[in-house]
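I have placed the structure first, in the form of structure tokens, so that the comments after it can refer back to it.
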There are 2 protein chains.
Amino acid sequence: MGNVTLRSVAEAAGVSVSTVSNAYNKPDQLSAEVRQRVLETAKTLGYAGPNPAARSLRSQRARAIGLVFTERLSYAFSDPYSVGMLAGLAEVAEEFQTGLLLIPLRPFDPERPEEVEASAEAMRAAVVDGLLAYCLDIDHPAREIAVDRGLRMVATDDKDPRMDGLVLIDERGAARQVGEHIRRLGHRSVGIVVDSKVDSSAVVEVDDVQHRSMSFSWDRYDGFREGLGPDVSVQTVAPPGHNSVEAGRSAGAHLLDRQDRPTAIITVSDVLALGVLDAMRQRGLTPGRDVSLSGFDDIPAAADAGLTTVRQPIAERGRIAGRMLLDPDYTERRIVLPTELVVRSSTGPATTSPTR
Amino acid sequence: MGNVTLRSVAEAAGVSVSTVSNAYNKPDQLSAEVRQRVLETAKTLGYAGPNPAARSLRSQRARAIGLVFTERLSYAFSDPYSVGMLAGLAEVAEEFQTGLLLIPLRPFDPERPEEVEASAEAMRAAVVDGLLAYCLDIDHPAREIAVDRGLRMVATDDKDPRMDGLVLIDERGAARQVGEHIRRLGHRSVGIVVDSKVDSSAVVEVDDVQHRSMSFSWDRYDGFREGLGPDVSVQTVAPPGHNSVEAGRSAGAHLLDRQDRPTAIITVSDVLALGVLDAMRQRGLTPGRDVSLSGFDDIPAAADAGLTTVRQPIAERGRIAGRMLLDPDYTERRIVLPTELVVRSSTGPATTSPTR
DNA sequence: TCGTTCTACTTGAACGATTTAGTACAACGA
DNA sequence: TCGTTGTACTAAATCGTTCAAGTAGAACGA
């Protein structure tokens with residue numbers, strides 16, 4: 001089984017190997033009758049079509065693009081934002097008859113370099129034409145391997161100058177709008193919830209410097225602070241674990257239970273905001289009245305929850321990344337997509353009596 | 001660039017091609033010093049390691065397993081159950097240094113066979129050693145192609161006898177326990193929420209026969225009915241759209257707003273149950289007191305919500321599927337994993353006054 | 001001293017396709 | 001009638017590895 005090749009088909013059909021190949025790849029290069037005959041003998045021989053590996057080798061095209069898959073991305077799949085982008089990417093991939101190869105890697109961890117290094121070898125073995133560097137740590141050795149291989153690389157959130165394509169939003173500018181919105185509403189004590197790169201077991205309070213090394217989203221953070229201005233007092237916390245509703249809930253609990261509860265809470269993602277919303281509900285607080293809350297991304301659930309947030313074209317981000325990787329006619333190499341502040345009921349004016 | 005091959009490295013290092021190959025694949029076959037020299041010249045030449053396509057061709061191993069990726073699976077990624085299974089699969093894949101290839105396909109649709117057929121060609125091009133037939137419709141042409149290719153196929157929820165491996169739970173038996181639990185609590189009017197295979201725009205009421213063709217989960221459905229027994233009156237609904245919290249919410253709304261509101265609601269998944277829970281909250285109903293509710297799967301959020309459900313080893317399902325595909329020492333071909341009814345606060349005795 | 005075993009490499013044949021350059025033959029216009 | 005063009009196919013090289021088989025030389029025991 002399985003050892004039926006182009007040659008066996010060619011012999012059985014009484015034509016040359018190239019003709020059989022053409023029957024599959026270039027139907028206009030041969031007469032309809034011969035093609036018909038070839039395809040029929042292929043069927044009776046149980047030939048399942050050209051061997052993909054051989055085809056990849058000869059044509060120098062893998063018909064697949066890579067996507068790094070760490071534990072973190074596995075969590076990311078619970079995040080509607082990632083799913084939306086992946087859906088956009090898959091749409092283009094389908095259009096180009098191209099697969100999406102998840103490359104399982106150990107997440108970067110300076111504590112155990114040899115394990116990470118070993119898992120990075122998977123990047124060598126990946127049969128891909130290009131790579132979407134999503135959730136791939138800047139220091140991960142797999143990144144070097146990808147560069148060495150000369151893989152076309154596209155990122156949606158990356159600072160690496162070696163990228164062949166970038167699909168961005170103005171993170172900082174968008175975040176600034178959120179900050180300004182909150183400031184204009186009169187809030188002077190604001191909590192910020194960031195995501196956390198490191199594993200902690202509890203909510204940690206973060207200062208501006210720590211944040212740089214602890215979180216993925218300091219552009220947003222900087223934007224928030226810019227928009228809020230110097231007169232607003234800010235308390236930043238990072239929840240334990242990954243970007244999730246659960247994490248948001250614990251961060252929200254932490255902020256809401258403080259003596260000096262902030263009058264507004266800003267989060268770096270809608271998922272975290274939904275968690276904070278839960279924490280508010282549990283405490284009988286009404287969003288937009290007792291405490292204001294804003295998110296980021298505008299995932300579908302944000303509208304249902306009445307969450308003020310920044311809308312970004314999520315699926316479009318994936319689509320463009322896909323085009324950059326797959327469509328030779330798409331020559332743009334750096335796209336900055338528009339965002340929009342969407343004000344909903346979860347933000348409102350600071351109450352004049354800012355006590356509990 | 002990129003045209004550095006084993007041969008160029010071999011020439012530069014003054015050794016044979018096989019020696020260079022061995023330097024990468026069988027370090028014990030050559031002396032440490034030669035290996036060192038080879039690796040160094042490889043580095044200076046900018047050789048990124050053996051070309052994966054060529055390696056796949058020669059060794060007849062793709063180092064990747066396939067996963068069908070339709071729009072439906074893209075929604076499935078929002079489902080913690082799928083994510084959990086995928087995480088288990090990825091764990092094993094990482095262990096075996098193997099990639100996970102998502103193969104984008106059009107979902108099966110008898111209305112437009114040619115589009116589906118065309119997209120199924122992606123199954124021909126996939127460089128994979130095996131396939132996890134998850135979310136792959138039984139009638140999808142890609143399934144035939146996979147069979148023709150002689151791909152090793154494993155399923156976690158499939159009736160196809162051509163599968164090389166099955167990782168199952170006793171769906172019907174587990175569902176029966178749920179039904180019995182509800183019956184013993186005294187409920188005599190029960191709503192069942194199933195998932196829907198077809199696209200409808202609103203909640204539809206389903207009878208036993210329709211259900212067969214409309215849903216993916218009729219084993220569970222049959223189990224529910226068996227456990228409930230003949231004395232319980234059942235109203236079955238299928239929400240519009242895919243398995244999601246949102247869908248559960250609308251199905252729940254439909255059942256709860258009926259004149260003859262059921263005293264208990266059973267769903268085929270926790271995700272749907274969480275939606276029903278939302279609908280109950282919106283109506284000020286307390287789960288387990290006013291209306292009982294049970295789910296299926298025991299995703300992490302179920303415990304938080306106090307949801308009665310069936311626990312199944314989710315990640316383990318993915319892990320075993322991975323082993324069946326990748327581990328030659330794993331010879332088991334059909335595994336039925338244990339389940340357990342987990343009773344939490346969302347189910348309680350039927351109230352003696354069963355009126356609104 | 002001779003045969004045997006071991007180590008460290010090399011040789012050359014696959015793996016299964018695509019692609020370039022060609023050939024044979026028919027059709028065509030002048 | 002001859003050269004040109006086009007159609008339908010073929011021959012042979014090539015993609016970059018891995019792997020089975022082979023060899024040269026050192027080391028060893030009797």
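Protein chains get the first letters and strands the later ones, always in sequence-line order, with residue 1 at the start of each.
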Next on the checklist: Check the phosphate of D/dC15 against B/Asn51, side-chain N and O only, distance under 4.0 Å to OP1 or OP2. Yes or no?
Outcome noted: no
Next on the checklist: For D/dT10 and A/Ser16 - does any side-chain N or O of the residue sit under 4.0 Å from the phosphate oxygens OP1/OP2?
Outcome noted: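 It does, given that an N or O in the side chain of A/Ser16 lies less than 4.0 Å from OP1 or OP2 of D/dT10.
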Nearest to the side chain of [X], heavy atoms from C-beta on, is which of [options]?
X	options	result
A/Val34	C/dC9, D/dC9, D/dT17	D/dC9
A/Ser31	D/dA8, D/dT10, C/dT11	D/dA8
A/Ser21	D/dC15, D/dC19, C/dT18	C/dT18

Next on the checklist: Considering every strand and a 4.0 Å limit on heavy-atom distances, what is the contact class for A/Leu6: base, sugar-phosphate, or nothing?
Outcome noted: base
Item to check | Sugar-phosphate, base or nothing in reach of B/Tyr47, heavy atoms under 4.0 Å | outcome: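 Sugar-phosphate only.
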Please evaluate the base of [N] for a donor-acceptor partner in the side chain of [X] within a cut-off of under 3.5 Å?
X	N	value
A/Ser18	C/dT18	no
B/Arg55	D/dT17	no
B/Arg58	D/dT17	no
A/Arg7	C/dA17	no

Check nucleotides 23-28 of chain C against the protein and report each pair of N or O atoms closer than 3.5 Å, with its distance, or say if there are none.
none

Checklist entry - Rounded to the nearest Å, what distance is computed from the OH atom of residue A/Tyr24 to the P atom of nucleotide C/dT18? => result 10 Å
Item to check | Donor-acceptor contact present, side-chain B/Arg162 to main-chain B/Arg143, <3.5 Å | outcome: no
